[in-house]
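Below: the structure, in structure tokens.
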Amino acid sequence: MATTEHPPSRLRGWMLQGLSDMGKRGGLTGPHAEPEPPQRGQRWWRVMCLTGVDYFSTLGYQPGIAALAAGLLSPLATIVLVVVTLAGALPVYRRVAEESPHGQGSIAMLERLLSFWKGKLFVLTLLGFAATDFLITITLSAADASTHLVENPHLTSTLGGHQMLITLILVALLGAVFLKGFMEAMGVAVALVGIYLALNLVVVITGLWHVLTAEHVVTDWTNALIVQHGNIFVMIGVALIVFPKLALGLSGFETGVAVMPHVQGDDSDTEERPTGRIRDTKKLLTTAAVIMSCFLITTSFITTLLIPAAEFKPGGRANGRALAFLAHEYLGNAFGTVYDVSTIAILWFAGASAMAGLLNLMPRYLPRYGMAPHWARAVRPMVIVFILIAFLVTWLFDANVDKQGGAYATGVLVLISSAAIAVTIAARKAGQRGWTIGFGVIAAVFLYTTVANVIERPDGVKIGACFIAGIMLVSLLSRLARSFELRVTSVAMDPMAERFVRDMASRKIRFIANEPDNRDRAEYRDKIEQIRTDNDMPEQEDFVFVEVTVADPSEFETCLTVRGEVLHNRYRVLTVESSSIPNALAALLLHVRDLTGRTPHIFFEWTEGNPFANFLRFFLFGQGEVAPVTREVLREAEPDRARRPRVHTG
């Protein structure tokens, strides 16, 4: 290159650290980039703790939300939730682990089923709900952590009324950790989860002891149920109806498959078939689901029976912290404070797990679609973007756990529903009739749950729609801004194509861009005659034709394979398949220039039609006004005019 590149500033270099590795192993950066080499990793139970900081931390607020949603029926509704978890979500994500063992999750499974723009738009929609899930995890967990802090008897007089500020500080601290350079601290996750579950076990045992020793508690509860609902069948029916309100207890499964690359697996695992990793991830998912199911049932039982209903409501001492209420009430303020500290820590770390999920998910898709700036593959700029959005969400929802529950549940349910649909399609393609029917039923249950949740709490789908609209708008604007970017990652030529290039290198290298039609002798003869006439060239000049076939124009980055052939014993033709004709031609010209050290020339015919309409054809379908766009791509890719391939249009 004749131009001199100025070294980036220290701040820019720090912010974009990691971009130089974006082409390695699928171009992923961030906390969940696949480990290198693949057999390295952590034991499955340690990785489960990383998932658990998201999944198990919901115990901090789930019992209170269940009590508000189902009242006295909270234990029965929670049993329904556990059945759906073990018989629905767990089998679905065990299958997702088989189908997508590198952490891509259900979104990648659905992406493979759809092509063209409809596939991209569908993925962007799912990304919107995924962003809802992960971002609300950050804000809701921080809000609940601040609730535990503010409501602590030792601190309530000092921190009362400052929950919004405390929540924003917790979110900012989370961002600071990632800006410094967050690595999955498995040891920290194991310690947090181990301590938290142990403390919850103490609270559960204590609560069950008080329930069993005070016989009137159970009697009062059952009598109240009979008075309200009459008989067991009505109770079950109502529990089924209110179950969608408890969907927060299903969170964590998508994170479970996202962390798959960190599972150690077997020494014999390969990237194509990591059998050990898949097996151990299934253990991870199953163990986490069983542990959580036991805690969900027991905690909903003791909180419903031991805590007055009024305390669950906004302003009540158990609102957003039901188990902490019991810890203080029955085990004393000292133990309760320890419990609060543990809960605050795991809720804050749950935000870290969600942030890691975002940093794994968004760079996996948006830059590859051309729907995010180049810097979106770097961790730190994305952290700043996500933290600013988290600030806005926290402010909009007043740092209130209950207000964010609908949005959180919507994101969780949409992702689980999409996973259920994906595995149903995968089972059908595999010819597994029984699994197809089973997964189909599960998908129907989750779709019902999603719809019911949206009807009951439309705020969830509203904020999800805001995320989707924001992602769509930013993505399309980014794709538009990057339209003229050279987005071919590599060029490979077969022996015949290389032979054509070597032969031309001894003379002037002249290509003719040809849109293939019948590919008969007359087509190539007439094209050469037209180019010679339009450009007033002598007959002795020889040419090589270049023909580009557009595959999927919605793809952004592509690899070129150039094949050479001789047609009609006379005409040399290079054929290329790409997502964009101008980009393919520009990349080929630059490759030939670098290969031969000579400046290639390419000749075009002007495209008929309205220039704006032709640009839209290029933007959407990879073709249109080819000549000027090819020249513009070359201009952006090669700022030195002396080294730039020549474009001729007649």
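These numbers come from the heavy atoms of this one structure, side chains and all, not from hydrogens, waters or symmetry mates.
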Checking Glu98 side chain against Ile278 main chain: does a donor-acceptor pair fall under 3.5 Å?
no
Is atom CZ of Arg428 surrounded by more than 12 heavy atoms (other residues, nucleotides or ligands) closer than 6.0 Å?
no
Over all atoms of both residues, closest heavy-atom pair of Ile195 and Ser342
CG2-OG, 4.0 Å
State, yes or no, whether a side-chain contact exists between Val190 and Trp45 at a heavy-atom distance under 4.5 Å.
yes
How about Gln62 and Thr299: does a side-chain donor come under 3.5 Å of a side-chain acceptor?
no
Is there a side chain to side chain contact (heavy atoms under 4.5 Å, CB included) between Thr410 and Thr132? Walk through the geometry before answering.
CA-CA 8 Å; Thr410 299; Thr132 304; 5.6 Å; no
Leu296 and Leu59: CA distance, side-chain angles, deciding distance, side chain to side chain contact (heavy atoms under 4.5 Å, CB included) verdict:
CA-CA 7 Å; Leu296 284 174; Leu59 290 172; 4.3 Å; yes
Compare every heavy atom of Thr303 with every heavy atom of Phe312, then report the nearest pair and how far apart it is.
CZ-O, 3.4 Å
Before accepting this row, confirm whether a basic side-chain N of the pair Asp266/Arg277 lies closer than 4.0 Å to the acidic partner's carboxylate O.
no
How many angstroms lie between atom CD1 of Ile387 and atom CE of Met382, to the nearest 0.5 angstrom?
12.0 Å
Mind checking the CG-SG spacing from Asn200 to Cys294? Nearest 0.5 Å is all I need.
13.0 Å
For Ile291 against Met48, the heavy-atom pair lying closest together:
CD1-CE, 4.4 Å
Gap separating the CG atom of Leu192 from the SG atom of Cys49, nearest 0.5 angstrom
9.5 Å
Side chain Thr304, main chain Phe301, donor-acceptor under 3.5 Å
no
Before you tell me yes or no, could you show the steps for Tyr93 and Val423 under side chain to side chain contact (heavy atoms under 4.5 Å, CB included), namely the whole-Å CA-CA distance, both residues' side-chain angles and the distance that decides it to 0.1 Å?
CA-CA 8 Å; Tyr93 278 94; Val423 298; over 6 Å; no
Are Arg95 and Glu99 close enough for a salt bridge, meaning some N to O gap below 4.0 Å?
yes
With side chains defined as the heavy atoms from C-beta onward, is the minimum distance between Gln264 and Arg43 less than 4.5 Å?
yes
Asn319 side chain near Thr147 side chain, heavy-atom distance below 4.5 Å
no
Just verifying a value: how many Å separate Ile389 CD1 and Leu396 CG, rounded to the nearest 0.5 Å?
11.5 Å
Should Leu90 and Thr85 be marked as a side chain to side chain contact (heavy atoms under 4.5 Å, CB included) after you check the CA-CA gap, both sets of side-chain angles, and the distance that decides it?
CA-CA 6 Å; Leu90 180 59; Thr85 298; 5.5 Å; no
Please determine, by modelled atom types, if Thr394 and Thr139 share a side-chain donor-acceptor pair under 3.5 angstrom.
no
Taking NZ in Lys313 as the centre, count heavy atoms belonging to other residues, nucleotides or ligands within less than 6.0 Å. Is the count above 12?
no
For Val53 and Ser57, the nearest pair of non-hydrogen atoms, with its separation, is O-OG, 2.8 Å
How close do Leu201 and Phe295 get, heavy atom to heavy atom, and via which atoms?
N-CE2, 3.8 Å
Residue pair Leu135 / Val393, side-chain heavy-atom distance below 4.5 Å
no
Taking every non-hydrogen atom, the tightest pair across Leu347 and Ser141:
O-CB, 3.2 Å
Find out whether Leu173 and Trp348 are in side-chain contact, i.e. whether some heavy atom of one side chain is under 4.5 Å from a heavy atom of the other.
yes
Say you draw a straight line from CG of Leu170 to CG of Leu149; how long is it, rounded to the nearest 0.5 Å?
7.5 Å
Examine distances only and state if a side-chain atom of Ser100 and a backbone atom of Val96 form a donor-acceptor pair shorter than 3.5 Å.
no
Point-to-point distance, once rounded to the nearest 0.5 Å, from CG of Leu388 to CZ of Phe391:
7.0 Å
Looking at side-chain heavy atoms only, is the closest gap between Val451 and Tyr448 below 4.5 Å?
no
When the aromatic ring centroids of Phe253 and Tyr55 are compared, is their separation below 6.0 Å?
yes
Begin with the C-alpha distance, continue with both residues' side-chain angles, and end with the deciding distance and a verdict on side chain to side chain donor-acceptor pair (under 3.5 Å) for Ser417 and Thr450.
CA-CA 8 Å; Ser417 298; Thr450 304; 3.0 Å; yes
Is any side-chain heavy atom of Ser300 closer than 4.5 Å to one of Pro63?
no
